[in-house]
There are 12 protein chains.
Amino acid sequence: MSDHVYKKVEIVGSSPDSIEAAIENALSVASRSINHLEWFEVQETRGHIVDGAVGHYQVVLKVGFRIEHN
Amino acid sequence: MSDHVYKKVEIVGSSPDSIEAAIENALSVASRSINHLEWFEVQETRGHIVDGAVGHYQVVLKVGFRIEHN
Amino acid sequence: MSDHVYKKVEIVGSSPDSIEAAIENALSVASRSINHLEWFEVQETRGHIVDGAVGHYQVVLKVGFRIEHN
Amino acid sequence: MSDHVYKKVEIVGSSPDSIEAAIENALSVASRSINHLEWFEVQETRGHIVDGAVGHYQVVLKVGFRIEHN
Amino acid sequence: MSDHVYKKVEIVGSSPDSIEAAIENALSVASRSINHLEWFEVQETRGHIVDGAVGHYQVVLKVGFRIEHN
Amino acid sequence: MSDHVYKKVEIVGSSPDSIEAAIENALSVASRSINHLEWFEVQETRGHIVDGAVGHYQVVLKVGFRIEHN
Amino acid sequence: MSDHVYKKVEIVGSSPDSIEAAIENALSVASRSINHLEWFEVQETRGHIVDGAVGHYQVVLKVGFRIEHN
Amino acid sequence: MSDHVYKKVEIVGSSPDSIEAAIENALSVASRSINHLEWFEVQETRGHIVDGAVGHYQVVLKVGFRIEHN
Amino acid sequence: MSDHVYKKVEIVGSSPDSIEAAIENALSVASRSINHLEWFEVQETRGHIVDGAVGHYQVVLKVGFRIEHN
Amino acid sequence: MSDHVYKKVEIVGSSPDSIEAAIENALSVASRSINHLEWFEVQETRGHIVDGAVGHYQVVLKVGFRIEHN
Amino acid sequence: MSDHVYKKVEIVGSSPDSIEAAIENALSVASRSINHLEWFEVQETRGHIVDGAVGHYQVVLKVGFRIEHN
Amino acid sequence: MSDHVYKKVEIVGSSPDSIEAAIENALSVASRSINHLEWFEVQETRGHIVDGAVGHYQVVLKVGFRIEHN
């Protein structure tokens, strides 16, 4: 187990609703093409403003996944 | 469009309810005196503790807006 | 009042529900053994992924409290 | 002279042509409303991509100016 | 109280005497045009050298103040 | 639109001529294999020295692109 | 000697008088409960503003001390 | 040669033995699917603890490789 | 499991032999007084020089452990 | 070749014309007293403002060179 | 004047008395072997603790000076 | 003793064998021309890759030494 190798990629999710929803959207899309997603790290939280309120949140994440190798 | 100039100012919003509410409060107040608010960037998330629980969240934001010039 | 001395310790809270719930969990546990908790500062937001969705959020906090000395 | 007080504000200039042109555009607009501009510090260099090439550069600057006080 | 909104601006004070005097000079000038100054954060400490000694200290500060909104 | 998901990858362009040319070279190569490139962020600017002059510039960029998902 | 183990804790001292006095206050309180204090590292310098002047300085320190183990 | 374009990806290697072995494991796995690996940069060194000793080291690396383009 | 709370403390290990030995020394001493040590993060690697060679390595670590609460 | 030792020194070049010219000026002066200059890394880009335009650019560089030792 | 080239070197001054005295000591020694010292930038402030009080302050500075070249 | 002044210089050591060997190589070369070397701080760890394995490690260090002045 101690020889596992992981890769981290950087993705940006967005949502008009909340920071958590932006994270979930990013993970949902990433999981369609990446197996073995194991963890995420928030890098930046930002967003667009519409009429003096949050239009949508944008959360920049690193997601880590195990690379299969045999 | 590619010659637009923007300004960024730093504001701090607070709310007893959530990080998102603290952001919305900050944008709401900023939009009373600033036009053309376009985006925000979260710089810090912190807060006060009351009786072992969050008293209120404080979110430090940079907000960006277009400077009108003709 | 201006001679108060504070200490900051680093804790990590987690929750399957939201970033705010992870913060509240951390503060709830910290307040059982620390008096005079006054503020927190979010250092990192991360989490584990289960089946392409957030399994639980992990929020790394610094919490500050007043040291009693007389 | 050693008691001068300065203020720094953050602006973003853009240009389709070069990093230097984006800086000059930012300074040109800032100088219409601010006197005594003395120095700038580049914070970030970024830009938009159109058809696989730079659409325009965006340069985030801090500009410093002397505050008059008598 | 938990809905207060604050703004932070960046200023640079200088003094031939000490770091503390440079901070006080910056606050003194800032307080002429800004109400409700509440806190400061030192960003950088630097200075000019004259004849192998400190000519004057320059301290870059962020100062925070409450925005009135009713 | 607010549910878009983006990915960021890190590339390094080089050119003997200028920082801008190094950026354009990186974008030109990246756009051959990546669709929907939308923005770039300069991370580092460096280069090799030949005979006391710039041999070539190397610019480390993050480039962001929209992930198609339907 | 080369196998010593040290611990670092983070404390915040304050004083209305100077940055040095805030550091001394923090060390004075820390030394009542910690033996073998050996060094400190300033992390942040900040303070509260009262009537356009420094109300008190707050200095965030890490202090290091040797852990006894036999 | 001065127009080469490189890509950097982030991987995490682990080993119970040493930091160097964790790096070698990461490179060994990466080189199975990536050609022209040229350099690595250590981003973070961490690990898991088992019974008060290092269970395994985890080293986060960026690895750079040349992109072929003709 | 998702409600675990952890604490992180900062320690410094040293060894004349290697970076890994300095980490092991730190963990060995920390584990005498702390239960449930789970992970470490290297913050800084430094050391003392004796006669133009490494006298001993000093490695600054954060170590994380689960807080028991029932 | 794998035992080469390098030194890095920090220099600041300036030019009224462009960022690239400021870099070239710095390298030109450095190469008069340093042999084996191999690479540079841009640390900061800043400048002075004259009449609302760039007076001159200042680029802070680290330059690396091989130390001869036999 | 806009083609001046500067060099920055890193020095550490110490004093039992104050941060300012540590800076002055560093500049005094540096000025014996370096001409044209123009500015300094504080990088770190730290110190040694003796009997629960500051033994001496250590201030890490970068100092900048003009390189003569004709 | 509290008035000592130190200088820090940045060097890069390399070795095909280990991170520690790269550090030792750097110190060995530095000590030929610098007296009173007292400590080092690792700034970056990186290396070249040959055939999917470490070709050699490169460790960027700051080394500190006392400046003699009487």
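In what follows, every heavy atom counts, from backbone to side chain, and hydrogens, waters and symmetry copies are set aside. Each chain gets a letter, A, B and so on, in the order the sequences are listed, and its residues count up from 1.
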(request) Dump the intermediate steps for side chain to side chain contact (heavy atoms under 4.5 Å, CB included) on E/Ile11 and E/Val29, then the final yes or no. (result) CA-CA 10 Å; E/Ile11 55 178; E/Val29 171; over 6 Å; no

(message) Any non-hydrogen side-chain atom of K/Val60 less than 4.5 Å from a side-chain atom of K/Val42?
(response) no

Using distance alone, with no hydrogens and no angle check, list the donor-acceptor pairs under 3.5 Å between chain E and chain K.
unit_1, atom_1, unit_2, atom_2, d
E/Ile19, N, K/Glu20, OE2, 2.8
E/Thr45, O, K/Val42, N, 2.8
E/Gly47, N, K/Phe40, O, 3.0
E/Gly47, O, K/Phe40, N, 3.0
E/Ile49, N, K/Glu38, O, 3.0
E/Val54, N, K/Glu24, OE1, 3.1

(request) Counting only heavy atoms closer than 4.5 Å, note whether K/Leu61 contacts chain E via side chain, backbone, both or neither. (result) neither

(request) Could you check if a side-chain atom of E/Ile49 sits within less than 4.5 angstrom of a side-chain atom of K/Phe65, using non-hydrogen atoms only? (result) no

(message) At a 4.5 Å cut-off on heavy atoms, which part of K/Leu37 comes close to chain E: side chain, backbone, both, or neither?
(response) both

(request) Could you tell me which non-hydrogen atom of K/Ala22 sits nearest to which non-hydrogen atom of K/Val59, and how far apart they are? (result) CB-CG2, 3.7 Å

